[in-house]
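Each remark here refers to the structure printed beneath this line.
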2 protein chains.
Amino acid sequence: MARTTGSHSGITGPKIRTAALELFAKHGFAAVSMRQIASEVGVQAGALYNYTPDKQSLLFDLMQSHMTELLSALPNEDAAQPFEMLEQFVRFHIAFHHERPEAVFIAYMELRNLSPENFALIEDLRGQYENRLQNILIAGQASGAWTVKDAKIATFAVIAMLTGVNTWFRSEGRLSLSEVQDQYWQMVRSAVGG
Amino acid sequence: MARTTGSHSGITGPKIRTAALELFAKHGFAAVSMRQIASEVGVQAGALYNYTPDKQSLLFDLMQSHMTELLSALPNEDAAQPFEMLEQFVRFHIAFHHERPEAVFIAYMELRNLSPENFALIEDLRGQYENRLQNILIAGQASGAWTVKDAKIATFAVIAMLTGVNTWFRSEGRLSLSEVQDQYWQMVRSAVGG
DNA sequence: GTGCTATATGAACAAGCGTTCAGAACCAAG
DNA sequence: CTTGGTTCTGAACGCTTGTTCATATAGCAC
């Protein structure tokens, strides 16, 4: 026997990415087999290799897509005041990460499963994102908008704090997303000394 | 053949734990084989089963030890002022986590590889730790020492921020541990509105 | 020095892994 | 209705996995 339900190249590809994303996020890259992914898609394992050269590339593509989307979705900070830029960044980060918890999880947890070259590529993208925040913090420092000593440390602190929202916040809970954004923005603003 | 170098029960046990800790932190639980651990210890894989019933227990023991040590090393907060308690917590968290990066990494990243019962046990310990901080924040709220709105959110925010130090701080870098502690303490104090 | 026990070996087990590939089934175009 | 090319199956590949166990040794107590 061969294909039982017809030709589906346009639909199988995305399904594989979705299935891999969910399974990697839930069980971890190393713990998920190609057969599990295939089974989730409703296909045999061999068929996956029409869409990806190997398992590692599947992971890398997911991470790269996520980081690229993150960078291009980030509002451009030009021509705004430091406080507005920082507030915009805080609200953006929380909302964007909240919308794709699986991709965020993978992008943070599976770095060690990338080949050295792939790791360097993802780390570069992450660095670009962090630099955007760092530039905002430096701009606010220069203009005297706030008093934070070390912009690099503050960058790490703010990003860690904001990314942490994903570990506990659920939209069905007692707080709305915008309430969470409000409270984090207040904490960030105070933390940088504004 | 059998043992080639003698009887080592008192030394093989700890060596297994150390090897497992390092390998799990570096490559992830699922990506590390019992044979790799055994090889690191200088022993055959079968010998590991004199010290652990299975691979899962090895992971759980490492995580449980870490969380237990964390809880018992945490300074007792009684009879101090809110600000002192919070500062003590911030400095303690940074220092303690800095001393054992592998255990911290595992305790955060390998939760999904625990059986449901083991997961519940670790989560409970983590909850106890978070409650200690939350109680400090509530005490400060009640005494008017600071103005943070939601103690639960602030707890998550502070812990995420502090734990993030481990992702970038290295003692060989440009900053000393106490400088980092100082700056984070200042950011935390400001963030809670003190 | 003899015997006991704890500790280790090394082979074996069934199961699962990522990946390849010949051939079958399907769809679209002529 | 045939042809051509894309998509999938199912079996196979060599290898690794966690775990077990009979067997052998090392070191301690006597």
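The chains referred to below are lettered A, B, ... by the order of the sequence lines, with proteins before strands, and numbering in each begins at 1. None of the values given here were measured: they were computed from a predicted structure.
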- Go through residues 111-119 of chain A and report each residue with a non-hydrogen atom lying under 4.0 Å from DNA chain D, sorted by number.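 Within this stretch, nothing sits under 4.0 Å of the strand.
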
- Side-chain donor or acceptor of B:Q134 paired with backbone N/O of B:A151 under 3.5 Å: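 No: the side chain of B:Q134 does not pair with the backbone of B:A151.
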
- Task: Identify which nucleotide among D:dT9, C:dC17, C:dA8 has an atom closest to any side-chain atom of A:Q36, counting heavy atoms from C-beta outward.
- Result: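 Minimum distance to the A:Q36 side chain belongs to C:dC17.
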
- Message: In whole Å, I'd like the distance from the CG atom of A:L48 to the C1' atom of D:dC8.
- Response: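 Checked: the CG to C1' distance equals 11 Å.
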
- Is the phosphate of D:dT7, meaning OP1 or OP2, less than 4.0 Å from a side-chain N or O of A:T12?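 Answer is no, no contact under 4.0 Å.
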
Which pairs, protein N/O on one side and nucleotides 18-20 of chain C N/O on the other, fall under 3.5 Å?
from	atom 1	to	atom 2	distance (Å)
C:dG18	OP1	A:V32	O	3.4
C:dG18	OP1	A:K55	NZ	3.1
C:dG18	OP2	A:M34	N	2.8
C:dG18	N7	A:R35	NH1	2.8
C:dG18	O6	A:R35	NH2	2.9
C:dT19	OP2	A:Y49	OH	2.7
C:dT19	OP2	A:K55	N	3.0
C:dT19	O5'	A:Y49	OH	3.3
C:dT19	O4	A:R35	NH2	3.3

- Centroid-to-centroid, A:F60 to A:F29, below 6.0 Å?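 Ring-ring flag for A:F60/A:F29: false, centres at least 6.0 Å apart.
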
- Message: Between A:T18 and A:E40, is there a side-chain heavy-atom distance shorter than 4.5 Å?
- Response: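 Contact flag for A:E40/A:T18 side chains = no.
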
- Spacing of CZ belonging to B:F89 relative to CD1 belonging to B:I136, to within rounding of 0.5 Å: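 Between atom CZ of B:F89 and atom CD1 of B:I136 there are 6.5 Å.
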
- Answer with yes or no whether the side chains of B:Q128 and B:D124 bring together a donor and an acceptor at under 3.5 Å.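 Yes, side-chain donor-acceptor contact under 3.5 Å.
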
- Message: Please evaluate residues A:E87 and A:R91 with respect to the criterion salt bridge (charged side-chain N to carboxylate O under 4.0 Å, His left out), reporting the C-alpha separation (whole Å), side-chain torsions for both, the decisive distance (0.1 Å), and the verdict.
- Response: CA-CA 6 Å; A:E87 178 172 4; A:R91 294 186 185 277; 3.0 Å; yes

- Closest non-hydrogen atom pair, A:P82 against A:G140: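 Scanning both residues, the minimum pair turns out to be CB-CA, 3.7 Å.
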
- Message: What verdict does the ring pair (Phe, Tyr, Trp, His ring centres under 6.0 Å) test give for B:H93 and B:Y129, after you've listed the backbone C-alpha separation in whole Å, the side-chain angles of each residue and the deciding distance to 0.1 Å?
- Response: CA-CA 10 Å; B:H93 186 102; B:Y129 183 70; 5.6 Å; yes

